[in-house]
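All chains are named by letter (A, B, ...) in the order of the sequence lines, taking the proteins before the strands, and each is independently numbered beginning at 1.
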Amino acid sequence: MSLLAEVTGSLGSIGYGLAAIGPGIGVGIIFGQGVQAIARQPEAYGVIRQNMILGFALTEALALIGFVAPFVFGP
Amino acid sequence: MSGELTAVAAEGGCHLSVGDCGFPAPGSEIFFFDEVARWTILNTEISVTKPMILLWISAIVVIAVFVAAFRKAKVVPKGLQNVAEYGYLFVRDGIARDTIGKEGDRFVPLLFAFFFFIWMNNLMGIIPFAQFPVTSKFAIPVAFATIIYLAWVPLGIKRQGLGPFLKSMTMPPDVPKLMYVLLIPIEILSNFIVRPFTHSVRLFANMFAGHMLIATFSIAAWYLFPTDLISDPDALSFLGLLGSAASTVVTIALTGFEFGIQALQAYVFTLLAAVYLNDSVNAH
């Protein structure tokens, strides 16, 4: 079978780029909504900030797994 | 001067300008160290490496700081005791009480120890001469997450009983009965299997990625440095100097960024531990 298209070079960086799309959008939504929530209700700052950081950490983990996976599974 | 630098470049590996051998990008091998010593205890060979020593140092530092702060505790705190009390109140009010509620005080010692021990281990990544975040060795976050897992699962069974605990963990309320066919396997997977995994991977991957970034840019600063700038100045060596200076600035900036991330990840790990313990203490 002849190749129609081929990707060579550092596939890990392409994988990381793909893995970062979702978390990038997610982190943006989390902080955007968080800032909006704080602006609407400044007295709930403590709770909002805590949940914001929690959501950020949960989302960011996906991008980081994308970063680490090429090292773990080889080039 | 330039002869000396060229000699250094020749033995110190490769620069872009002298004996170019391609950019020596750091791989996962920078996380593996030669053993410093080897002990045999009870027929078990223990090989001592740098991360292990840093782990002990951070344990000793955390214990020493808080013993020094609270050994002669005064009613009106000052100096180190003030700082230590601020740290204690941060964990008690900001993490334990906010997340678990009024029963949170019982878990403060566990959360407090985890927060400061992990933070100190992370800080090892930017302390000069240590410069290796201990938590970027996967085994160590795994051990931490295992302790938390072995704390909240038996606690939930003890507090709520096996049946109600499993029910509260796997059957979210106010869902049509038929949905449970789909939901129970998902909830078991996400709460009992994936949860300890992501709990440890989050800390590990953050520290791994941060260390890797700092290593990449500091190697870039070294690699781009034009050793022939004085003996044979040309456009390439000036470009190299520019790149080297930029990489140095980025290395310093990333070190500052890492300082924030290290504290944040210690906080996130402790906060998630509190959230998991809350699932066991307060049935929802």
- In terms of heavy-atom pairs under 4.5 Å with chain A, the winner among Leu271(B), Leu272(B), Val268(B) is Leu271(B)
- Message: Heavy-atom count check: over 12 atoms from other residues, nucleotides or ligands less than 6.0 Å from Phe257(B) CZ?
- Response: no
- Task: Count the heavy atoms of every other residue, nucleotide or ligand shown that sit under 6.0 Å from CZ of Phe138(B), and state whether that count exceeds 12.
- Result: yes
- Do other residues, nucleotides or ligands put more than 12 heavy atoms under 6.0 Å from Met171(B) CE? yes
- Message: How long is the straight-line distance from CG of Leu54(A) back to OH of Tyr267(B), given to the nearest 0.5 Å?
- Response: 8.0 Å
- Message: Within the 4.5 Å heavy-atom criterion, are Arg202(B) and Leu58(A) side-chain neighbours or not?
- Response: yes
- Message: Other residues, nucleotides and ligands only: do more than 12 of their heavy atoms fall within 6.0 Å of CZ on Phe192(B)?
- Response: yes
- Exceeds 12 heavy-atom contacts within 6.0 angstrom, atom CZ of Phe197(B): no
- Item | Leu203(B) portion near chain A, given a 4.5 angstrom heavy-atom threshold | neither
- Pick from Ile95(B), Asn206(B), Thr99(B) with the largest number of heavy-atom pairs that fall under 4.5 Å of chain A: Asn206(B)
- Non-hydrogen side-chain atoms of Asp98(B) and Val47(A) separated by less than 4.5 Å: no
